[in-house]
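What's counted below: heavy atoms across the whole structure, side chains too, no hydrogens, waters or symmetry copies. Just so you know, these numbers come straight off a predicted model, no measurement behind them.
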Amino acid sequence: MNAQRVGIRALRQAAKQPNALFLRNLPRLAIASNLQIRGASTQKVTETDAQSILAAQRRQRPVSPHLTAYDYSQTWFGASIWTRITGQMLSTSLYAFSLAYLVAPLTGWHIESATLAEAAASLPPVVKTGLKMVVAWPFFFHFSNGIRHLVWDFALGFKKQVINQTSYVVLGASVVGTLGAVFLI
């Protein structure tokens, strides 16, 4: 309703004081409007006829290419898809643990901090290190590539050579961050 009032008010103001810019562009608008005229007609069709028309239109559409149609050496495939995968892994594990923590008192599970610390302390060092790497690498990769994407938001680093270099920087930063978190914490 408000949009309609604004539109009517704008039309009334334009009628009172014609805009010089509009008057200068009026010949162009008149020419351009003739170029875009296309008649449209409608007709009533039955449901079966509508479905057959739709099926015929769908048969003429191109088939989307499968992932095998793309070049795997492209840098977007590696870093971009792994950012999405790690983000999904992190968020899914957070939601799963949060739901388990909420349901634990009802089911009798013991996943409070003291129990988890005791369970982690009883694991062999190799298993603890492996579990830390499984948790830390997705976090640091997603974090590093997120910084890369923030830099891209400033329209910096879109040359092919820079993209290749920053993908190695992201990989290196995620490995260094993971090793630091695993062995220093």
Side-chain angles (χ1 to χ4, degrees), residues 2-3 6 47 50-185:
N2 287 335
V6 169
E47 184 65 30
Q51 290 299 325
S52 64
I53 292 170
L54 183 62
Q57 289 174 347
R58 286 181 177 161
R59 281 192 294 270
Q60 294 176 0
R61 293 180 187 160
V63 178
S64 296
H66 192 264
L67 286 177
T68 57
Y70 297 109
D71 182 15
Y72 289 115
S73 65
Q74 293 291 322
T75 56
W76 63 266
F77 183 74
S80 181
I81 195 68
W82 278 107
T83 301
R84 289 175 172 88
I85 290 170
T86 55
Q88 289 297 318
M89 286 172 38
L90 291 167
S91 61
T92 301
S93 58
L94 173 73
Y95 284 124
F97 180 77
S98 299
L99 287 174
Y101 191 79
L102 288 173
V103 175
L106 301 173
T107 59
W109 298 339
H110 295 284
I111 54 173
E112 56 272 349
S113 299
T115 308
L116 292 176
E118 185 180 330
S122 67
L123 293 173
V126 173
V127 175
K128 277 195 271 190
T129 303
L131 286 175
K132 283 182 180 181
M133 284 190 161
V134 165
V135 172
W137 184 80
F139 174 79
F140 282 105
F141 183 82
H142 194 77
F143 177 75
S144 301
N145 216 8
I147 292 172
R148 179 185 184 198
H149 278 81
L150 285 175
V151 171
W152 284 352
D153 286 343
F154 290 107
L156 300 171
F158 281 112
K159 292 182 181 173
K160 189 76 163 177
Q161 181 183 3
V162 176
I163 291 173
N164 286 331
Q165 290 171 349
T166 56
S167 64
Y168 288 118
V169 168
V170 164
L171 188 59
S174 65
V175 169
V176 168
T178 300
L179 292 175
V182 168
F183 291 113
L184 300 177
I185 297 177

Query - ring pair (Phe, Tyr, Trp, His ring centres under 6.0 Å) against Trp109, all qualifying residues, sequence neighbours excluded - result: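 So Trp109 forms no ring pair (Phe, Tyr, Trp, His ring centres under 6.0 Å) with any residue.
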Distance, nearest 0.5 Å, that separates [atom1] of [X] from [atom2] of [Y]:
X      : Y      : atom1 : atom2 : result
His149 : Ser144 : NE2   : OG    : 12.5 Å
Leu116 : Phe97  : CG    : CZ    : 5.5 Å
Gln88  : His142 : CD    : NE2   : 9.0 Å
Leu150 : Leu156 : CG    : CG    : 11.5 Å
Phe140 : Thr86  : CZ    : OG1   : 13.0 Å

Closest approach of [X] and [Y], non-hydrogen atoms and distance?
X      : Y      : value
Ser167 : Asn164 : OG-O, 2.6 Å
Phe158 : Ile163 : O-CD1, 3.6 Å
Leu90  : Phe139 : CD1-CA, 3.8 Å

Please enumerate all residues that pass side-chain contact (heavy atoms from CB on, under 4.5 Å) together with [X], with sequence neighbours excluded.
X      : result
Leu123 : Val127, Lys128, Leu131
Phe143 : Ile147
Gln60  : none

Query - side chain to side chain donor-acceptor pair (under 3.5 Å) partners of Thr115, counting only residues at least two apart - result: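 Only Glu112 meet the side chain to side chain donor-acceptor pair (under 3.5 Å) criterion with Thr115.
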Query raised in the report: Is Thr92 reaching over with its side chain to a backbone N or O of Met89, donor-acceptor style, under 3.5 angstrom?
Result: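 Checked: no pair found.
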Query raised in the report: Is atom OH of Tyr95 surrounded by more than 12 heavy atoms (other residues, nucleotides or ligands) closer than 6.0 Å?
Result: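 No, not enclosed.
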Query raised in the report: Got a sec: does the NE2 of His110 have more than 12 other heavy atoms crowding it under 6.0 Å?
Result: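 Result for NE2/His110: open.
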Side-chain donor/acceptor pairs under 3.5 Å, residues 172-185, sequence neighbours excluded:
residue : atom : partner : partner atom : Å
Ser174  : OG   : Trp137  : NE1          : 3.3
Ser174  : OG   : Val170  : O            : 3.2
Ser174  : OG   : Leu171  : O            : 2.7
Thr178  : OG1  : Ser174  : O            : 2.6

